[in-house]
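Just so you know, ligand 1 is whichever comes first in the structure, and atom 1 is the first atom listed for that ligand.
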Amino acid sequence: MTHSWRIYTDMDGTLLDHHDYHWDAAKPVLQRCEVERIPVIPNTSKTAAELLQWFPRLGLPTFAVVENGGMVLLPKNHEWWRTHRADWSEGEVAGKLLGRPYMDICAWLDAVRLAEGFYCQGFHDVDVDTVVAWTGLSPEEAHQAKQRQCSEPILWEGDADALKRLMRAAQAEGLQLQQGGRFLHLSDNTNKATGMAWLEAILPGKGVTIALGDGGNDVPMLEAADFAVAVRNAQGTHVAIQQPQTYFTKQAGPAGWAEGLVYWLNLEE
Ligand SMILES: [Mg+2]
């Protein structure tokens, strides 16, 4: 192996199947990464509480970027915490906020929605059962998805013109709306590339990064990585990106994840 690879990966629709959240097709390549000590770092719109469940399931070390770049997670015993205070922690994992806190973001959404008459619902508006219906998550997983620190998934029920107005209002506030697989994500001006850059700055040595994703919110990460994998999405297309080192997968979901990652890992310098 000629590279010191580091893998940053989207979860839903990329490492996990868009419909059933399975990852069987990715297992052999995940095992290869473990054997070759290549860190696989989730970079996701999921929450820290959700990731705590996924680390052991996927056999991954507890590094991650969550909520679309709004927070980074490190093991609690990582040396960085000797000189810095955590904004969130549970079990053996601690988190550092890179974006504005959740309460501020929801308060802004409530105010602008009332003032402008926008039709939309966020996770903070609804109960666990509704999140189950929206996502297909189990009640337990939906509960974890509602434990948010810095971003709000929004189900848009208005028209395209109103959505443009919401986007302009968010921009004026220093917030942003990003399109994910199912939801719009309202957050501070952080994104998956912000989180990846933050981790790259504190991880040892110079890594060569491979990023994998299937959605619009993955584009900054895919473009900032040394190598990118655009995984075929649920609609059968790929994201449009300005990144010459991109492999576009033939397969979708975890099969595409494995296909694209093997393509770059097998590339000799
Ligand atoms: Mg995705």
Side-chain angles (χ1 to χ4, degrees), residues 7-27 29-30 40-51 53-55 57-58 60 63-73 123 131 134-137 141-142 144-145 148 150-156 176-187 190-196 209-225 227-241 243 246-261 263-264:
I7 316 300
Y8 289 85
T9 182
D10 172 47
M11 298 285 277
D12 294 354
T14 299
L15 179 53
L16 306 178
D17 183 89
H18 178 74
H19 301 288
D20 63 15
Y21 300 102
H22 285 191
W23 68 99
D24 300 297
K27 277 179 186 169
V29 183
L30 277 174
V40 175
I41 300 170
N43 195 340
T44 178
S45 57
K46 288 185 184 298
T47 65
E50 286 176 286
L51 258 290
Q53 316 303 316
W54 282 104
F55 289 132
R57 265 179 228 161
L58 296 165
L60 300 180
F63 293 88
V65 180
V66 297
E67 296 194 44
N68 282 317
M71 191 161 84
V72 286
L73 304 182
F123 275 27
V131 174
W134 283 352
T135 58
L137 295 170
E141 289 165 337
Q144 289 151 6
R148 312 200 65 82
C150 47
S151 70
E152 178 68 335
I154 296 168
L155 201 62
W156 183 252
Q176 63 176 340
L177 269 177
Q178 297 183 81
Q179 181 71 60
R182 289 180 177 80
F183 300 103
L184 294 164
H185 295 271
L186 179 65
S187 69
T190 53
N191 60 42
K192 291 188 177 191
T194 318
M196 180 172 75
T209 53
I210 304 177
L212 303 95
D214 74 316
N217 57 341
D218 297 313
V219 169
M221 165 181 75
L222 295 172
E223 291 183 343
F227 300 93
V229 175
V231 174
R232 197 164 72 94
N233 60 31
Q235 291 77 43
T237 60
H238 300 89
V239 287
I241 57 172
Q243 157 65 288
T246 301
Y247 178 85
F248 295 89
T249 72
K250 295 175 189 69
Q251 302 167 91
W257 186 91
E259 176 195 335
L261 191 48
Y263 174 83
W264 288 123

A.B. asks: So, Q53 side chain and E141 main chain: donor-acceptor pair closer than 3.5 Å or not?
C.D. replies: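 Pair absent, no side-chain N/O of Q53 close to backbone of E141.
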A.B. asks: Please find the N/O/S atom of D214 nearest to the Mg ion (ligand 1) and write down its name.
C.D. replies: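 Nearest N/O/S atom of D214: OD1.
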A.B. asks: Does Q144 reach the main-chain N or O of K46 with its side chain, forming a donor-acceptor pair under 3.5 Å?
C.D. replies: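 It does not hold such a pair.
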A.B. asks: Ring-plane angle category for W54 and W23, please: parallel below 30°, perpendicular beyond 60°, tilted otherwise.
C.D. replies: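 Perpendicular.
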A.B. asks: Taking T14 for its side chain and D214 for its backbone only, find out whether a donor-acceptor pair lies under 3.5 Å.
C.D. replies: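 Judged by distance alone, yes, a pair lies under 3.5 Å.
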A.B. asks: Among the N, O or S atoms that D10 has, which is closest to the Mg ion (ligand 1)?
C.D. replies: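 Going by distance to the Mg ion (ligand 1), the closest N, O or S atom in D10 is OD2.
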A.B. asks: Could you check which N/O/S atom of D12 is closest to the Mg ion (ligand 1)?
C.D. replies: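 The Mg ion (ligand 1) is closest to the D12 atom O, counting only N, O or S.
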